[in-house]
Amino acid sequence: MSKPLNILFVTSEAEPFAKTGGLADVSSALPQMIKELGHEIRIMMPRYGTISERKFKLHDVIRLREIPITIGAETRVAHVNSSFISNLKAKVQVYFLANKDMFDRPGMYVHPTTKKDYEDNDTRFIFFCRGVLDTLKLLGWKPDIIHCNDWQTGLIPAYLKTTYKNDPFFKNIKTAFTIHNLAFQGVFPAASFDKTGLPGSEFTMEGVEFYDKLNFMKAGLMYSDVITTVSEKYAQEISTTVEFGCGLEGVLQQRKSALHGIINGVDYSIWNPETDEHLENRYDIKSLEGKAANKRELLDKFKLEYNEHVPVIGMISRLADQKGFDLIKEIADDALKMDIQMIFLGSGEKKYHEFLESLRKKYPNKVGIEFGFHDELAHLIEAGTDMFLMPSQYEPCGLNQIYSLKYGTVPIVRATGGLDDTIQDVEGANGTGFKFKKYESKELLKAIQRAVKAFGDQKAWLKIMKTGMSKDFSWESSAKKYISLYRNLLK
Ligand code: ADP
């Protein structure tokens, strides 16, 4: 058997500590699976003020109480807290890089009331990227691989190839960089470049410069040893089209041989109707009565009438353009002419809050809405709805459609990115959901109509549900693909 690897997994969010989206799910489950497969892996993330010291039994790492971190001409001091993640079999150590000024705020990247990005996000994540490397050295734990995720960690590979290149501690460490969403790139004015402390020679097209600005994501793509993204289809979309490449398609073309698509898995210790801690009525593929009980409970919560013959369509999402709300807006009236109910959980852009609010006013007996981020309700919606809607413009992987499969909640999705890779249309053999290709509202409406019609045939519907429920997207096979990429880097 080959030697176990040492891996540092760097992320800006991880369940159960801090979450705005799918990155947090991945950053918790993937390291646990890698550890279960016999490797030493530790996580580093920012210590946001919202992470409860008591709940997570955070403690100071004594050796790491005063770490000076250079940002431009300034030095800021970090300290490190530590805790564990252990909802699966493996227990993974988590280090939190702490500095009150930087991270003790009500939001992670965005102010929760103004919805605006924090103005000093450049400084905050330069601090984080340099801090990760400085901490590692003080800790004296040398990983074989540093696995970075999304723009917040993008400068780490750049530092390793430049500023920290001659430091013997960092010699031979290889980097992997995963794109979870290419649309968020961390782009800042040219003046931010001085704060990075990177050599001036790196502010070019071959480096971190992007139309005369500093681009963190581009840094990750240019300097890492291997690049991954979270589905094969998305890997292909972002490297071949302007629509999906968000200006970085050229860079991805250039690095094509280093780019790999690996589909995200699911942590079935959290997302499984048989064991779901958030559900009073559990169920599985062999006994589905619990699902009906969840539907009743969910509709009660939203003061909507229960009828087993009326399909309920659910959606749990950031309220953002990406997620297809403009299409929903165009066809909502037509869709709601049918005998259906809809339940939305989400938060995000004001225009979509207003749209959903107006929809509820217009259809008080058919539409239920909850604004905000509510983990427990997300589980009940997965369990209590009949169909799950994800008409995304683009979707790197998407997790809710995969959760939906396990909960017997049939996905209606746009055939893009991970949605296309994980859902098979019922028109073919062994279909698990309803897909539409073109990003057009009438296409979405047709897919919903097909689903509603299919729901009328109970026996056929049950087959679709069960085909989905029997799918296995557990992390093991995807985690093994990451490990094999790590090993290739070390050859
Ligand atoms: P993205 O990362 O683009 O937001 P994903 O589908 O990959 O989309 O992951 C979203 C994750 O966040 C899922 O676990 C989903 O259940 C969760 N989520 C999104 N919005 C909410 C919300 N308002 N309340 C609770 N969970 C949410």
Side-chain angles (χ1 to χ4, degrees), residues 11-30 87 107-110 112 115 149-152 178-184 229-231 233-234 238 244 246 262-273 276 278-279 298 301 314-325 343-349 352-353 356 368-385 388-407 409 411-414 416-423 433 473 475 478:
T11 179
S12 59
E13 49 185 271
E15 269 275 83
F17 308 109
K19 168 166 172 174
T20 67
L23 171 62
D25 303 42
V26 174
S27 298
S28 171
L30 173 59
N87 49 302
M108 289 161 64
Y109 322 119
V110 173
K115 310 268 186 230
N149 295 277
D150 271 356
W151 75 262
Q152 292 86 347
T178 299
I179 306 165
H180 297 263
N181 191 335
L182 191 62
F184 298 96
T229 189
V230 289
S231 68
K233 182 76 185 269
Y234 191 61
I238 56 178
F244 294 96
C246 308
I262 302 179
I263 194 79
N264 283 338
V266 167
D267 184 344
Y268 288 122
S269 74
I270 299 178
W271 293 99
N272 181 351
D276 192 324
H278 298 293
L279 297 182
L298 179 69
K301 234 186 192 39
M315 196 165 173
I316 303 163
S317 179
R318 286 184 290 115
L319 303 181
D321 293 339
Q322 178 200 338
K323 301 295 182 177
F325 284 98
I343 287 180
F344 297 91
L345 165 63
S347 71
E349 286 185 47
Y352 296 129
H353 280 242
L356 290 176
I369 295 166
E370 181 71 34
F371 294 120
F373 202 94
H374 302 292
D375 205 27
E376 195 166 328
L377 181 58
H379 286 253
L380 184 61
I381 292 176
E382 283 292 0
T385 52
F388 197 90
L389 191 58
M390 285 181 86
S392 307
Q393 271 173 22
Y394 67 92
E395 195 59 72
C397 176
L399 289 170
N400 277 119
Q401 84 282 10
I402 315 183
Y403 300 153
S404 297
L405 290 175
K406 193 46 92 201
Y407 284 75
T409 301
I412 303 170
V413 304
R414 163 125 194 272
T416 183
L419 296 173
D420 200 23
D421 284 355
T422 55
I423 305 300
F473 284 92
W475 263 106
S478 292

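Since the model is a prediction, treat every value here as computed from it, not as a measurement. Order of appearance sets the numbers: ligands from 1, and atoms from 1 within every ligand.
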Asker: Just going by heavy-atom distances, which of G22, P396, G398 is nearest to atom 2 (O) of ligand 1?
Answerer: G22
Asker: Heavy-atom distances under 4.0 Å decide this one: backbone, side chain, both or neither, for K19 against ligand 1?
Answerer: side chain
Asker: For atom 23 (N) of ligand 1, state which one of S317, S347, G372 supplies the nearest heavy atom.
Answerer: G372
Asker: With a 4.0 Å cut-off, would you call K323 and E395 a salt bridge?
Answerer: yes
Asker: What verdict does the side chain to side chain contact (heavy atoms under 4.5 Å, CB included) test give for L319 and F325, after you've listed the backbone C-alpha separation in whole Å, the side-chain angles of each residue and the deciding distance to 0.1 Å?
Answerer: CA-CA 7 Å; L319 303 181; F325 284 98; 3.3 Å; yes
Asker: Nearest heavy atom to atom 6 (O) of ligand 1: which of L399, D375, I316 does it belong to?
Answerer: L399
Asker: For a quick test of reading the model, state the closest non-hydrogen atom pair linking S231 to G417 and the distance between them.
Answerer: OG-C, 3.5 Å
Asker: Show the nearest heavy-atom pair for residues L419 and M390, with the distance to one decimal.
Answerer: CD1-O, 3.5 Å
Asker: Using a strict 4.0 Å cut-off to heavy atoms of G346, name the atoms of ligand 1 that fall inside it.
Answerer: 23 (N)
Asker: Looking only at distance, does W271 have an N or O less than 3.5 Å from an N or O of ligand 1?
Answerer: no
Asker: Going by side chain to side chain donor-acceptor pair (under 3.5 Å), Y407 matches just one of D276, N272, T385. Which one?
Answerer: D276
Asker: Please write down residue, atom name and distance for the protein heavy atom closest to atom 13 (C) of ligand 1.
Answerer: N400 OD1, 3.5 Å
Asker: In terms of atom number and element, which parts of ligand 1 are under 4.0 angstrom from non-hydrogen atoms of G21?
Answerer: 2 (O), 4 (O), 11 (C), 12 (O)
Asker: If you measure from each non-hydrogen atom of K323 to ligand 1, which part falls under 4.0 Å: side chain, backbone, both or neither?
Answerer: side chain
Asker: Any atoms of ligand 1 less than 4.0 Å from a non-hydrogen atom of Y403? List them with their elements.
Answerer: 14 (O)
Asker: For S404 and E382, test the side chains for any donor-to-acceptor distance below 3.5 angstrom and give the result as yes or no.
Answerer: yes
Asker: Tell me the nearest of M315, R318, Q322 to atom 3 (O) of ligand 1, using heavy-atom distances.
Answerer: R318
Asker: Heavy atom of N181 under 4.0 Å from ligand 1?
Answerer: no
Asker: Evaluate whether atom NZ of K301 has more than 12 neighbouring non-hydrogen atoms of other residues, nucleotides or ligands under 6.0 angstrom away.
Answerer: no
Asker: Determine the interplanar angle of the F244 and Y394 rings, folded into 0 to 90°, and report it as parallel if under 30°, tilted if 30 to 60°, perpendicular if over 60°.
Answerer: perpendicular
Asker: What distance separates Y403 OH from H379 NE2, expressed to the nearest 0.5 Å?
Answerer: 8.0 Å
Asker: How far is atom 24 (N) of ligand 1 from its nearest protein heavy atom, and which residue and atom is that?
Answerer: H374 N, 3.0 Å
Asker: Among all protein heavy atoms, pick out the one at the shortest distance from atom 26 (N) of ligand 1; state its residue, atom name and that distance to 0.1 Å.
Answerer: F373 CZ, 3.4 Å
Asker: Check whether any side-chain heavy atom of K19 lies under 4.5 Å from a side-chain heavy atom of D25, and answer yes or no.
Answerer: yes
Asker: Once you restrict to heavy atoms under 4.0 Å, what part of D25 touches ligand 1? Side chain, backbone, both or neither.
Answerer: side chain
